[in-house]
Amino acid sequence: MYWKSLGAAALIAAGAASAEAPMPESARSCDIHVYPADGVHSVGEDFDAVKRVDQDLRDYYRAAGRSLDWLTPDRQLTLISQLPIARLIGADNSPTTMHSEPLSRHQALEPGPRQPGAGCVVEVMLPQLMLERGGLAGRSLRVFGVVRRYDNGALTRSYSGFASSSMEGFRLKAPEDAPAATSLVEQAYRGAVETVLRNSTKIPRK
């Protein structure tokens, strides 16, 4: 009887201890808000000249015979929604709101929450997308992102940085190349966004 009572007391004590232990950040539910960029731009250079902004992009669309409307805000949100956003930022089982209005880099870097509210709020802002090409380098897509976590309006974690993803094998010389080129651009976008989200969890708390 004594041992049974002792065992029951130990279980009660363990339950009390676990109830008082802080909940792991990954187990907390947060309201996640995602904001896209206004679209993709291009920068690059040849062996003898630096390209103007969007010059490559115009050349690609000309080769395709039409505007391909790569990575419009709505398309960005569709591609982002295919990623496990909550898990990547360490906030499993959290609802996600996709905002259709794009943000500029300046807006994303403004201080303070865009979505004030009680509890945990995470803002994922991806305001800059660049197709890049160097004279001796392959094509890649670079994403600039800002990820901030707030608890009851107080900033508890902040990250901003770039991530790039290779577009190896990219080709757009004729209209028939457009579907494969578009697929590669979107694949690179998802990869770069995933890297931004993963990197946002690797910094110390503020």
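Computation of the quantities below employed the complete heavy-atom set of this structure, encompassing side-chain atoms and omitting hydrogens, waters and symmetry-equivalent molecules.
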message: Are Pro113 and Val121 packed together at the side-chain level, in the sense that at least one heavy-atom pair is separated by less than 4.5 angstrom?
response: no
message: Is it true that, when you exclude Glu168 itself, more than 12 heavy atoms of the residues, nucleotides or ligands shown sit nearer than 6.0 Å to its CD?
response: no
query: Taking the hydrophobic residues Ile, Leu, Val, Met, Phe, Trp and Tyr, and joining any pair whose side-chain heavy atoms are under 4.5 Å apart, which ones share a cluster with Val43?
result: Val53, Met130
query: Is NZ or CZ of Arg139 both nearer than 6.0 Å to the six-membered ring centre of Phe170 and within 45° of the ring axis?
result: no
query: What pairs with Asn152 under side chain to side chain contact (heavy atoms under 4.5 Å, CB included), at least two apart in sequence or on another chain?
result: Ala118
query: Do Tyr189 and Val124 belong together in a cluster built from hydrophobic side chains that touch within less than 4.5 Å?
result: yes
- request: Could you tell me which residues satisfy salt bridge (charged side-chain N to carboxylate O under 4.0 Å, His left out) with Arg58, sequence neighbours excluded, listed by chain and number?
  value: none
Qualifying side-chain hydrogen bond (donor to acceptor under 3.5 Å, both in side chains) pairs with a residue from residues 109-121, counting only residues at least two apart or across chains: Tyr35-Gln115
- prompt: For Ala174, what residues pass the side chain to side chain contact (heavy atoms under 4.5 Å, CB included) criterion, not counting sequence neighbours?
  reply: Glu176, Asp177
task: Applying side chain to side chain contact (heavy atoms under 4.5 Å, CB included), name anything that partners Thr78, two or more places apart in sequence or on another chain.
output: Arg75, Gln82
message: Do Tyr61 and Trp70 have side chains that approach each other closer than 4.5 Å (heavy atoms only, starting at C-beta)?
response: yes
field: Close side-chain approach of Arg149 to Cys120, heavy-atom, < 4.5 Å
entry: yes
task: Could you tell me whether Glu194 and Arg198 have a side-chain N and a carboxylate O separated by less than 4.0 Å?
output: yes
- prompt: Is there a side-chain contact between Arg87 and Asn93, using heavy atoms and a 4.5 Å cut-off?
  reply: no
